[in-house]
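Written out below as structure tokens is the structure these notes cover.
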Amino acid sequence: NFKIRGGQFNCFKAGEHGGEYPMIATPYAECSRGYPIMYSKGGAENTYWEPAFELIRDINILEQAIPSIKDDVMSSEEKNSLVGEVAFLRAYTYFALVKRYGGVPIITRNPEFDGVNTDNLMLTRSTERETYDFILDQCDTAAKYLVPTHERRATKWAALALKSRVALYAASICKYPVTGSSQAVTEELIACMHTYEGLADEYYRKCIDASLQIMNPEAGFGLYQPEPSSPEDALKNYQRLFESPGDAMVETIFVKGWCISQQGTAHNWDLQMCTPQAAAGYKRAKLTIELINAVADVINNDASIDNKIK
């Protein structure tokens, strides 16, 4: 018994068991429980389609309102930053959609309904490639207008990081396609981008270019505490990076906050994905012998050995 919070990118209200089936209050099409992200336990009534397009409608309304904001209310710089935020939110939402459904209708201006004629409401789905290219264009717009630093909102670097991830995802499904012969494939809504020669390389290049901009020393990012004095310090630094990202801004590009007590949003990803030793009764993540043995050198009592674990 759970409900989607429409404006929270697939988040669930605290107190509801939102973490069991769509995995879990994230914008990513991932699930370790065997249920596709777009379905709930009982079927398809809990899809992401409806809340995503409700959010897109709100984004479009905001975009259309920006030019009417008076200068004594918001400066030109603040308006430009808002333009960038609109593009970022749109790219973020469409990326969540394309991973779930393939090509989807691209709506940048809300259609009007006169109460009688519904023809202009019957929108055609764009192809998978058109959808990915649209998202990448929105990331470019966001990177152009967003400010370089802000603790609680998307920045230029967050937009470039999102572009890198989107391009990598697109390149991967080009290079390692899942083929089929359904109507969706015929209409190039899914499983079609591998048919375009050189498209994977194009997306890989966009991924690399966006990442290099973030890695440029002028961007100011780097590893948090890159030279720990001991393995224990390294462990503490890694823990602090996620528990208190505000103390590790040098490695923080974009943070999505979770707060049960005040905002009513939460997730149970870390509970679901912990090892059995960390939480009794929850065994979603397990290290296999095959994975361990894939590592050539195993550290045992401060001595490096090459023997496989039996």
Side-chain angles (χ1 to χ4, degrees), residues 9 26-28 59 62-63 66-67 69 71 74-96 98-99 108 131-172 174-175 198-230 233-258:
F9 295 111
T26 80
Y28 309 120
I59 292 170
L62 173 60
E63 183 177 52
I66 293 174
I69 300 175
D71 292 340
M74 184 175 289
S75 67
S76 298
E77 291 77 11
E78 290 172 323
K79 291 181 185 178
N80 285 338
S81 183
L82 202 55
V83 169
E85 287 197 57
V86 164
F88 180 85
L89 292 171
R90 187 180 281 141
Y92 196 95
T93 307
Y94 268 102
F95 186 35
V98 74
K99 289 185 295 183
T108 58
T131 306
Y132 272 105
D133 288 344
F134 171 75
I135 297 169
L136 293 171
D137 286 342
Q138 290 294 299
C139 289
D140 287 337
T141 299
K144 177 180 178 181
Y145 289 105
L146 282 172
V147 295
T149 58
H150 200 293
E151 290 187 4
R152 294 294 179 182
R153 305 176 83 120
T155 65
K156 169 184 177 179
W157 311 113
L160 289 171
L162 179 60
K163 180 180 180 179
S164 177
R165 175 171 289 184
V166 172
L168 179 60
Y169 202 101
S172 298
C174 285
K175 189 170 182 178
L199 188 58
D201 291 341
E202 178 182 332
Y203 285 136
Y204 277 129
R205 174 48 55 189
K206 290 182 178 180
C207 168
I208 293 171
D209 288 345
S211 297
L212 287 176
Q213 292 186 64
I214 301 172
M215 295 166 64
N216 189 312
E218 294 181 0
F221 293 103
L223 296 178
Y224 173 63
Q225 303 290 4
E227 298 180 359
S229 58
S230 66
D233 282 344
L235 180 60
K236 291 179 181 179
N237 293 340
Y238 186 76
Q239 180 179 354
R240 194 177 299 115
L241 174 62
F242 291 96
E243 290 186 344
S244 304
D247 297 334
M249 295 303 293
V250 68
E251 196 169 333
T252 303
I253 299 175
F254 182 65
V255 175
K256 181 178 179 181
W258 305 97

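The first residue of the sequence shown is numbered 1, and numbering continues consecutively from there. Bear in mind that the values here come from a model prediction, so they are computed numbers and not experimental data.
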Give a yes or no on whether Tyr145 atom OH has more than 12 heavy-atom contacts from other residues, nucleotides or ligands under 6.0 Å away.
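Counting neighbours around OH of Tyr145, 12 or fewer heavy atoms of other residues, nucleotides or ligands fall under 6.0 Å, so no.
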Looking at Met74, I'd like to know if its CE atom is crowded, meaning that more than 12 non-hydrogen atoms belonging to other residues, nucleotides or ligands lie closer than 6.0 Å.
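Yes, because the 6.0 Å sphere around CE of Met74 holds more than 12 heavy atoms from other groups.
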To the nearest 0.5 Å, what is the distance between [atom1] on [X] and [atom2] on [Y]?
X      : Y      : atom1 : atom2 : value
Ile214 : Leu160 : CD1   : CG    : 5.0 Å
Ser164 : Leu136 : OG    : CG    : 10.0 Å
Lys156 : Thr149 : NZ    : OG1   : 11.5 Å
Gln225 : Lys236 : CD    : NZ    : 12.5 Å
Gln138 : Asp133 : CD    : CG    : 12.0 Å
Glu227 : Asp233 : CD    : CG    : 12.5 Å

Which pairs, with at least one residue in residues 78-96 and sequence neighbours excluded, count as a salt bridge (charged side-chain N to carboxylate O under 4.0 Å, His left out)?
Glu63-Arg90, Asp71-Lys79, Glu85-Arg153
For a quick test of reading the model, state the closest non-hydrogen atom pair linking [X] to [Y] and the distance between them.
X      : Y      : value
Ala167 : Cys207 : CB-N, 3.6 Å
Gly84  : Ala142 : O-CB, 3.4 Å
Asn237 : Pro228 : ND2-CB, 3.9 Å
Pro148 : Thr155 : O-CB, 3.8 Å
His150 : Val147 : CB-CG2, 4.2 Å
Ala161 : Ile253 : CB-CG2, 3.9 Å

Going by the angle between their ring planes, with limits at 30° and 60°, are Tyr203 and Tyr132 parallel, tilted or perpendicular?
tilted
Leu162 and Phe88: CA distance, side-chain angles, deciding distance, side chain to side chain contact (heavy atoms under 4.5 Å, CB included) verdict:
CA-CA 9 Å; Leu162 179 60; Phe88 180 85; 3.9 Å; yes
Does some side-chain heavy atom of Tyr224 sit less than 4.5 Å from a side-chain heavy atom of Tyr238?
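No; the side chains remain at least 4.5 Å from each other.
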Considering only heavy atoms from C-beta outward, does the side chain of Ile69 approach that of Leu82 to under 4.5 Å?
yes
Mind running side chain to side chain contact (heavy atoms under 4.5 Å, CB included) on Leu146 and Ser81 for me, showing each step along the way?
CA-CA 5 Å; Leu146 282 172; Ser81 183; 4.2 Å; yes
Would you confirm whether [X], through its side chain, and [Y], through its main-chain N or O, come within 3.5 Å as a donor-acceptor pair?
X      : Y      : value
Ser244 : Asp247 : no
Thr252 : Ala248 : yes
Glu251 : Leu223 : no

Check step by step if salt bridge (charged side-chain N to carboxylate O under 4.0 Å, His left out) holds for Asp201 and Arg205.
CA-CA 6 Å; Asp201 291 341; Arg205 174 48 55 189; over 6 Å; no
Pair Lys99, Phe95 - check side chain to side chain contact (heavy atoms under 4.5 Å, CB included), show working.
CA-CA 6 Å; Lys99 289 185 295 183; Phe95 186 35; 3.6 Å; yes
Side chain to side chain contact (heavy atoms under 4.5 Å, CB included), that's the test. Do Leu89 and Tyr92 meet it? Break it down for me.
CA-CA 5 Å; Leu89 292 171; Tyr92 196 95; 5.5 Å; no
Flag this pair as yes if the NZ/CZ of Lys206 is under 6.0 angstrom from the six-membered ring centre of Tyr204 and inside a 45 degree cone about the axis; otherwise no.
no
Could you walk me through whether Lys163 and Asp140 pass the salt bridge (charged side-chain N to carboxylate O under 4.0 Å, His left out) check?
CA-CA 8 Å; Lys163 180 180 180 179; Asp140 287 337; 2.7 Å; yes
